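Just so we're on the same page: letters track the sequence lines, and every chain starts at 1. All of these numbers come straight from a predicted model, not from anything done at the bench.
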Amino acid sequence: MARTPRPEFRPDPSLSHESMTELQREIAASAAFTDQFGFEPADIAIDDAFDLTTGLPEATPESDGSNPDAPVVVGIDQAFLTGETKNEAGDDGAGDDGAGDDGAGDDGTTDHDRAVSAAVAIRDGAVIEYAHAVTPLSIPYVPGLLAFREGAPMLDALDALSVEPDLLVCDGSGRIHFREAGIATHIGVIRDLPSLGVAKRLLCGEPVESVDERPADWQTPIRADNRVETAEPGTVIGHAYQSRQYPNSRRVNPLYVSPGHRVSAETTVDLVAATCAGYKLPEPTRLADAHADRVKRRLPGED
DNA sequence: GCGACAG
DNA sequence: ATCTTGTCGC
């Protein structure tokens, strides 16, 4: 059957705003918001939360006891090194070959930051591999255009991974996006891998029910509103999912989960729920977050 | 012109 | 995202 050619991903700082939004429309058009993967949510279930109080669990590539045929879930997250000014004499030679000036400007902020991208591969409840990449950032954060700032760094971390992922769990939105092309969608489409996004805050769209004071495991659909340019208002683009709640309180906010690529909105909730083990964030994201922080701490500069 | 906005 | 110790509440 005919197949839409995969859009190329060029996070070039010189790209115009229009070019970026146009590329996102192509990404969204190439994305599949239907289930296209060969396993069940139960196959990636993580029953026991990893204990991160004594450091991260050791990676065990040679499955000791765990099922080597279980799907590989890869969590991806980032940490940042900001405020890196360019006036430091004797800067480490790893500087970027700057094309002219930095887009610094009037507000004093520069783009001389670096991203630490971390990817953690989990199979049958065990970590089988850690990978990371440190990438200079050249594009500022703009709501809706996050993929152009963090996409390449995330792909770098994925490239550093030796195992083949069966599912990517990204930090941020997927289909819950102005053009249905959040960073989870970008990454999924570019690698043509099943992917989903887990965000702590809602970018756009409207919950069917109020998300306040909800018990654990509660969920409600997120419908496209007038801010979602590519979908008919009312279209379900993701869900609010209350992954955890304290026994006698109701202050924890829900997660906002949405399809990235090759996963439906409904199944996205099931997949996230399967990888949650008592904490607000799903285990793949918790571990990727911790790994990114660990790499960042070990980097020259802060000891 | 006003509002609104992942990491 | 990041800057950051202790601390109020269950």
Side-chain angles (χ1 to χ4, degrees), chain A residues 11 17 20-21 24 27-28 75-85 107-118 134-155 157 168-188 195-207 211 213 215-216 222 224-229 233 237-241 244-260 268 272 280-282 285-286 288-293 295-297 299 301-302:
Chain A
H17 184 278
M20 292 190 276
T21 56
Q24 292 191 315
I27 293 282
I76 312 172
D77 192 23
Q78 316 212 72
F80 298 86
L81 298 161
T82 63
E84 299 188 325
T85 52
D107 56 2
T109 60
T110 65
D111 296 331
H112 293 263
D113 305 339
R114 284 183 298 168
V116 177
S117 297
V134 180
T135 314
L137 294 169
S138 53
I139 299 177
Y141 166 67
V142 175
L145 300 178
L146 178 64
F148 290 89
R149 174 179 173 79
E150 305 185 2
M154 285 174 59
L155 292 174
L168 302 178
V169 177
C170 306
D171 200 49
S173 286
R175 194 182 183 184
I176 294 180
H177 181 272
F178 308 128
R179 290 163 293 279
E180 296 176 277
I183 193 161
T185 305
H186 278 254
I187 302 303
S195 69
L196 60 83
V198 176
K200 302 175 201 65
R201 305 199 311 181
L202 188 60
L203 176 61
C204 58
E206 190 69 20
V211 303
E213 305 186 0
I222 300 296
D225 56 18
N226 54 341
R227 290 177 292 176
V228 182
E229 317 159 5
I237 55 179
H239 290 79
Y241 172 62
R244 115 165 259 193
Q245 195 51 284
Y246 293 118
N248 213 355
S249 177
R250 50 282 158 108
R251 68 173 92 184
V252 178
N253 299 312
L255 294 175
Y256 296 95
V257 306
S258 58
T268 293
V272 171
K280 174 170 179 172
L281 295 177
T285 301
R286 276 187 75 221
D289 182 72
H291 185 222
D293 283 338
V295 172
K296 175 181 174 178
R297 286 197 307 270
L299 243 35
E302 177 110 12

- Does Lys200(A) put a side-chain nitrogen or oxygen below 4.0 Å from OP1 or OP2 of dA1(C)?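 Looking at the OP1 and OP2 atoms of dA1(C), one of them is under 4.0 Å from a side-chain N or O of Lys200(A).
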Rounded to the Å, how far apart are [X] [atom1] and [N] [atom2]?
| X | N | atom1 | atom2 | result |
| --- | --- | --- | --- | --- |
| Arg114(A) | dT2(C) | CZ | C1' | 15 Å |
| Ile76(A) | dG7(B) | CD1 | C1' | 14 Å |
| Ile139(A) | dG7(B) | CD1 | C1' | 14 Å |
| Asp171(A) | dG7(B) | CG | C1' | 7 Å |
| Asp77(A) | dT2(C) | CG | P | 8 Å |
| Met154(A) | dG7(B) | CE | P | 12 Å |
| Arg149(A) | dG7(B) | CZ | P | 13 Å |
| Leu196(A) | dA6(B) | CG | C1' | 14 Å |

With distance as the sole test, does [X] use its side chain to make a donor-acceptor pair with the main-chain N or O of [Y] at under 3.5 Å?
| X | Y | answer |
| --- | --- | --- |
| Arg175(A) | Glu180(A) | no |
| His177(A) | Gly144(A) | yes |
| Lys296(A) | Phe80(A) | yes |
| Ser117(A) | Pro153(A) | yes |

- Message: side-chain contact (heavy atoms from CB on, under 4.5 Å) for Glu150(A) and Ile183(A)? Distances and angles first, verdict last.
- Response: CA-CA 8 Å; Glu150(A) 305 185 2; Ile183(A) 193 161; 3.8 Å; yes
- Query: Base, sugar-phosphate, or nothing: which does Leu255(A) touch, judged by heavy atoms less than 4.0 Å apart?
  - Reply: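 No contact at all - Leu255(A) keeps every heavy atom at 4.0 Å or more from the nucleic acid.
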- Which part of the nucleic acid, if any, lies within reach of Ala79(A) when heavy atoms closer than 4.0 Å are counted: base, sugar-phosphate only, or nothing?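 The answer is sugar-phosphate, as Ala79(A) gets under 4.0 Å only of primed atoms, P, OP1 or OP2.
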Review item, nucleotides 3-5 of chain B N/O atoms under 3.5 Å of protein N/O:
none

- Ring center gap for Tyr256(A) and His239(A) short of 6.0 angstrom: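 No; His239(A) has its ring centre 6.0 Å or more from that of Tyr256(A).
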- Query: In which stems does DNA chain C show up, taking only runs of three or more Watson-Crick or G-U wobble pairs whose two distances fall under 3.5 Å?
  - Reply: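 Stem list for DNA chain C: empty.
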- Asp77(A) with Arg286(A): basic N within carboxylate O range, under 4.0 Å: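 No.
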- Item | Partner set under side-chain hydrogen bond (donor to acceptor under 3.5 Å, both in side chains) for Glu206(A), not counting sequence neighbours |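 Glu206(A): no side-chain hydrogen bond (donor to acceptor under 3.5 Å, both in side chains) contacts found.
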- Query: The side chain of His177(A) lies closest to which of these nucleotides: dT2(C), dA6(B), dG7(B)?
  - Reply: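 Looking only at side-chain atoms, His177(A) lies closest to dA6(B).
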- Message: Taking the minimum atom-to-atom distance to the side chain of Ile183(A), which one of dG7(B), dA6(B), dT2(C) wins?
- Response: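 Comparing dG7(B), dA6(B), dT2(C) against the side chain of Ile183(A), the answer is dA6(B).
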- Message: How long is the straight-line distance from CZ of Arg201(A) back to CG of Asn253(A), given to the nearest 0.5 Å?
- Response: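 It comes to 10.0 Å.
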